[in-house]
Number of protein chains: 2
Amino acid sequence: MTSHADGQPERRSTRQRAALSEALADSPVFLSAQEIHARLRDAGTSVGLATVYRNLQSMVADHEVDVLRTDEGESVYRACTSSAHHHHLICRGCGRTVEVAERAIEVWAEKIAAEHGFVDVRHTLEIDGLCAACAAQR
Amino acid sequence: MTSHADGQPERRSTRQRAALSEALADSPVFLSAQEIHARLRDAGTSVGLATVYRNLQSMVADHEVDVLRTDEGESVYRACTSSAHHHHLICRGCGRTVEVAERAIEVWAEKIAAEHGFVDVRHTLEIDGLCAACAAQR
DNA sequence: TTATGTGCAAAGGGTTTGCACTCCG
DNA sequence: CGGAGTGCAAACCCTTTGCACATAA
C-alpha cells in the first residue's frame with residue numbers, strides 16, 4: 001500500500017491553485033491551512049478555505065509539499081525543496097527550518113526494526129531547538 | 001520555560017482516576033481517549049468523557065503516561081513503562097509497541113543541531129512497520 | 001460542452017470548557 | 001465544610017463534505 005504506480009491525475013491550473021503555490025513558495029516556514037487562507041485573503045487573492053484544504057491535499061499527494069503535525073494537532077505545510085527523503089530541524093523561536101538529508105537515521109531505524117522482526121518500516125523524525133539568532137535574544 | 005521546579009499539585013484519589021489508571025495498566029497498546037472511555041463503560045466502571053480527557057492530561061503532565069499523535073490527529077495514551085527517554089517501534093497491524101532505548105539517536109540529533117547552530121534541542125522519533133506475526137498473515 | 005475545480009455553509013470528529021453537583025480530605 | 005474532581009452538554013477548532021455554480025481544456 002505504500003506506492004501506487006502514480007500517474008498524477010492531471011490537475012487543472014486555476015487562479016486559486018497558483019495563488020496557493022505562490023504563497024507556499026514565498027514562505028520558508030511551515031504554514032497551517034488557516035494561515036495560508038488568511039494570507040491569501042490579506043494579499044487580495046482570496047481563496048475559499050475548503051479549496052485551500054483540497055489543493056493542499058492534492059499537492060501533498062503529488063509530493064509538491066511536505067506536511068507536518070504540530071503538537072496541537074494542526075497540519076502545517078511547506079513547499080518541498082527536495083523530493084528525496086529527509087528530516088526537519090525546526091527553530092521553536094522563529095519557525096526557520098533546515099532540511100537534514102543524513103542517511104544515518106534510515107539505516108539505524110532499519111536495523112532496530114529488523115532486530116525486533118519488523119518489516120515494511122517507515123519512520124518520522126523531527127528535531128527542534130532554538131537557532132543561533134533566537135537563542136541570542138534571550 | 002521548559003521546567004517548573006515541579007511539585008505535583010497533589011491529585012485526589014477518586015474512583016474514576018483509579019479506573020483510568022487500571023485501564024491503562026492493562027493495555028500494552030496505545031489507546032485513544034475515546035477507546036479508554038468505551039472500555040471503562042463496557043467494564044461497568046463508567047467515567048465521563050470529559051473526565052477521561054482531564055485525567056489523561058494531568059497524567060501526562062505528571063509523566064505517568066506517554067502520548068502520541070496518530071496520523072489522523074488523534075491523541076493516544078499508554079502508561080509509561082520506563083521514565084527514561086525512549087522511542088517507540090509500533091506495529092501498524094496490531095498496535096504492539098516496543099520501546100527502544102538506544103542513545104545513538106540522541107547523540108546524532110545533538111550533533112546535527114549543533115552543526116546548524118541550534119541549542120536547547122529536542123526531538124521526536126517514531127518507527128512503525130509490521131511485526132513478524134502481522135507480516136506472516138498476508 | 002463537460003468534467004474538474006470552487007465557494008459556501010453545514011456536518012464531522014476529537015477535545016475543551018462552563019456550570020452545577022459530588023465527594024475526598 | 002471547602003475546594004478539587006466529576007458529568008453533561010454546549011462550545012471550539014480544524015478539517016471534510018454536499019451541492020450548485022464557475023471555468024479550464
Side-chain angles (χ1 to χ4, degrees), chain A residues 6-24 27 29-62 64-78 95, chain B residues 4 6-24 29-62 64-78 95:
Chain A
D6 65 5
Q8 261 98 304
E10 61 173 87
R11 315 287 182 193
R12 238 177 234 187
S13 77
T14 64
R15 189 203 103 237
Q16 293 82 344
R17 197 176 177 80
L20 203 38
S21 292
E22 190 174 343
L24 284 165
S27 172
V29 174
F30 279 84
L31 299 174
S32 69
Q34 312 272 350
E35 287 171 327
I36 295 172
H37 177 246
R39 290 195 180 200
L40 292 176
R41 171 198 299 296
D42 295 348
T45 55
S46 205
V47 173
L49 184 54
T51 300
V52 171
Y53 276 107
R54 280 188 284 236
N55 274 308
L56 245 19
Q57 251 176 231
S58 69
M59 294 168 101
V60 169
D62 297 348
E64 290 174 35
V65 311
D66 283 338
V67 196
L68 251 47
R69 280 270 182 189
T70 67
D71 288 343
E72 294 76 43
E74 206 179 17
S75 292
V76 288
Y77 308 81
R78 201 192 58 167
Chain B
H4 306 118
D6 65 5
Q8 260 98 302
E10 63 172 86
R11 316 287 183 191
R12 234 175 238 188
S13 77
T14 64
R15 189 204 105 237
Q16 292 83 343
R17 196 177 177 79
L20 203 39
S21 292
E22 191 175 342
L24 284 165
V29 173
F30 279 84
L31 299 174
S32 69
Q34 313 270 349
E35 288 171 328
I36 295 172
H37 177 246
R39 290 196 178 199
L40 292 176
R41 172 197 298 297
D42 296 348
T45 54
S46 206
V47 173
L49 185 53
T51 300
V52 171
Y53 276 107
R54 280 188 284 235
N55 274 309
L56 245 19
Q57 251 176 228
S58 70
M59 293 168 102
V60 169
D62 297 348
E64 289 174 35
V65 311
D66 282 339
V67 196
L68 250 47
R69 281 272 182 185
T70 66
D71 287 342
E72 292 77 45
E74 206 179 17
S75 293
V76 287
Y77 308 81
R78 201 191 57 169

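Numbered from 1 within each chain, the chains take letters A, B, ... in sequence-line order.
In this structure, the separation between CD on B:Q34 and CG on B:L49 is 5.0 Å, given to the nearest 0.5 Å. Atom CG of A:D62 sits about 11.5 Å away from atom CD of A:Q57, to the nearest 0.5 Å. The CZ atom of A:R12 lies 9.0 Å from the CD atom of A:E10; values are rounded to the nearest 0.5 Å. With values rounded to the nearest 0.5 angstrom, B:N55 atom CG is found 9.5 Å from B:E64 atom CD.
In this structure a side-chain-to-backbone donor-acceptor pair under 3.5 Å is present from A:R69 to B:D71. A donor-acceptor pair under 3.5 Å links the side-chain atoms of A:H37 to the main chain of A:V47, judged by distance alone.
With hydrogens and angles ignored, a donor-acceptor pair under 3.5 angstrom links the side chain of A:R54 to the base of C:dG7. Side-chain atoms of A:R12 come within donor-acceptor range of the base of C:dA3, with a qualifying N/O pair under 3.5 Å.
Of the residues in residues 45-52 of chain A, those placing a heavy atom less than 4.0 Å from an atom of DNA chain D are A:L49, A:A50, in numerical order.
Nearest-nucleotide positions on DNA chain D place B:R15 closer to the 5' end than the other of A:S13 and B:R15.
The phosphate of D:dC13 has neither OP1 nor OP2 within less than 4.0 Å of any side-chain N or O from A:Q34. The side chain of A:Y53 contributes no N or O atom lying less than 4.0 Å from OP1 or OP2 of D:dT16. Residue B:Q16 has no polar side-chain atom (N or O) positioned under 4.0 Å from OP1 or OP2 of D:dG5. OP1 or OP2 of D:dA4 has not a single side-chain nitrogen or oxygen of B:T14 nearer than 4.0 Å.
Heavy atoms of A:E72 sit nowhere under 4.0 angstrom from any nucleic acid atom. The residue A:S75 sits close only to the backbone: its heavy atoms come under 4.0 Å of sugar-phosphate atoms, none of a base. Residue-level contact check: A:S32 touches neither bases nor backbone, having no heavy atom under 4.0 Å from any strand.
Taking all atoms of both residues into account, the shortest heavy-atom contact from A:Q16 to A:T51 is CB-CG2, 4.1 Å. Residues B:A23 and B:L40 share a closest heavy-atom pair of CB-CD2, 4.0 Å. Of all heavy-atom pairs spanning A:E35 and A:F30, the tightest one is OE1-O, 4.2 Å. For the pair A:A33 and A:V52, the tightest heavy-atom approach, listed with the atom from each and the gap, is O-CG1, 3.8 Å.
Note: CG (A:N55) to C1' (D:dA24) measures 14 Å, nearest angstrom. Atom P of nucleotide C:dT15 and atom CG of A:D71 are separated by 14 Å, given to the nearest angstrom. Atom-to-atom, CZ of B:R11 to C1' of C:dC23 comes out at 18 Å; the value is rounded to the nearest Å. D:dC14 atom C1' lies 13 Å from atom CG of A:L56, rounded to whole Å. Atom NE2 of B:H37 and atom P of C:dT16 are 15 Å apart (whole Å). Summarising the geometry, the separation between CZ on B:R69 and C1' on D:dC13 is reported as 12 Å, rounded to the nearest angstrom. In this structure, CZ of B:R17 is placed 18 Å from P of C:dC23, rounded to the nearest angstrom. Taking atom CD on B:E74 and atom C1' on D:dT15, their separation rounds to 14 Å, with Å as the unit.
Annotation: the terminal axes of the helix from C:dT1-D:dA25 to C:dG25-D:dC1 meet at 30°, where each axis is the rotation carrying the C1' atoms of four end pairs onto the next four (5 pairs per end, rounded to 10°).
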